[in-house]
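Residue numbers count from 1 along this sequence.
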Amino acid sequence: MNALRIVVAIGLLMITATSLSAQGKGPKHYAVTTDRALVVTKDVLVKQGYEVVRVENSGRDYVVWYRRGNRGRGKGKGPPVRMVIHRAVDRVVFLQTPSAILVDIDVQLK
């Protein structure tokens with residue numbers, strides 16, 4: 001009886017783990033030019049109170065370095081954080097981007 005319960009519990013765990021792993025779709029692809037993606041990214045970062053430190057062109061990727069402004073409190077600026085805009089064949093993918101920023105970028109790119 002105990003062996004049957006263990007087998008059923010393991011079976012349910014396997015089914016649950018399989019369905020949960022299917023939920024991740026990966027990063028979203030956008031059919032826009034890289035120039036448009038950069039303009040929208042800079043705009044969203046500035047509106048959310050970030051400062052764009054620099055933009056590097058690294059092969060097929062643009063690396064955007066940004067940091068949090070002092071927000072009027074005089075405690076200095078935050079550390080530089082990195083965001084990658086990857087250029088695929090005819091698509092743009094945002095990598096290493098916080099979800100709060102990606103939501104606003106998604107709204108402006110649609």
Side-chain angles (χ1 to χ4, degrees):
M1 189 68 161
N2 285 337
L4 181 61
R5 286 184 183 175
I6 292 173
V7 170
V8 170
I10 290 174
L12 288 174
L13 284 173
M14 289 176 58
I15 291 171
T16 305
T18 306
S19 64
L20 287 177
S21 66
Q23 297 295 324
K25 297 178 184 175
K28 190 170 181 181
H29 294 68
Y30 297 92
V32 296
T33 63
T34 53
D35 293 336
R36 172 86 175 124
L38 273 173
V39 168
V40 168
T41 300
K42 288 179 185 179
D43 185 43
V44 167
L45 286 171
V46 169
K47 283 183 181 177
Q48 289 192 5
Y50 293 96
E51 172 190 358
V52 177
V53 178
R54 69 178 177 268
V55 177
E56 299 173 352
N57 187 354
S58 174
R60 298 186 61 82
D61 298 336
Y62 277 107
V63 180
V64 180
W65 290 92
Y66 64 98
R67 64 178 168 196
R68 174 61 81 183
N70 65 6
R71 296 189 266 175
R73 292 188 284 161
K75 296 193 177 195
K77 298 179 181 179
V81 183
R82 173 185 163 167
M83 173 192 312
V84 178
I85 302 173
H86 179 71
R87 292 180 282 181
V89 176
D90 59 344
R91 306 264 184 214
V92 173
V93 182
F94 291 88
L95 305 172
Q96 300 174 0
T97 307
S99 60
I101 295 172
L102 194 55
V103 167
D104 287 347
I105 290 173
D106 185 44
V107 167
Q108 288 196 15
L109 286 181
K110 284 190 175 185

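- For the atom pair CG of Leu102 and CG of Leu95, the computed distance is 10.0 Å after rounding to the nearest 0.5 Å.
- To the nearest 0.5 Å, atom CG of residue Leu45 and atom CE of residue Met83 are 4.5 Å apart.
- For the atom pair NZ of Lys110 and OH of Tyr30, the computed distance is 7.0 Å after rounding to the nearest 0.5 Å.
- A chain of hydrophobic side-chain contacts below 4.5 Å, direct or via other Ile, Leu, Val, Met, Phe, Trp or Tyr residues, connects Val32 to Val64.
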Q: Begin from the C-alpha positions of Asp61 and Arg87 and carry the test side-chain contact (heavy atoms from CB on, under 4.5 Å) through to its verdict.
A: CA-CA 6 Å; Asp61 298 336; Arg87 292 180 282 181; 5.8 Å; no
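- Going from atom OG1 of Thr34 over to atom CZ of Arg91 covers 14.5 Å, rounded to the nearest 0.5 Å.
- Looking at Asp106 and Lys28, their side chains come closer than 4.5 Å, going by heavy atoms from C-beta outward.
- Considering Val103, Ile101, Val107 in turn, Ile101 is the only one that fulfils the side-chain contact (heavy atoms from CB on, under 4.5 Å) rule with Ile105.
- A chain of hydrophobic side-chain contacts below 4.5 Å, direct or via other Ile, Leu, Val, Met, Phe, Trp or Tyr residues, connects Leu109 to Val52.
- Contact check for Thr41 versus Phe94: side-chain heavy atoms found under the 4.5 Å cut-off.
- For the side-chain contact (heavy atoms from CB on, under 4.5 Å) with Ile85, the qualifying choice from Val55, Val93, Leu38, Thr97 is Leu38, the only one to do so.
- Salt-bridge formation is not detected for the pair Lys47/Asp104: no Lys NZ or Arg NE/NH1/NH2 atom is positioned less than 4.0 Å from an Asp or Glu carboxylate oxygen.
- Put simply, CD on Glu56 and OH on Tyr62 are 12.0 Å apart, with the number rounded to the nearest 0.5 Å.
- Here Asp43 contributes atom CG and Gln108 contributes atom CD; the two are 5.0 Å apart, rounded to the nearest 0.5 Å.
- Side-chain contact between Val92 and His86: absent, with no pair of heavy atoms (C-beta onward) separated by less than 4.5 Å.
- Shown here for Arg68 and Gln48, the closest heavy-atom pair between the two residues is NH1-O, 2.7 Å.
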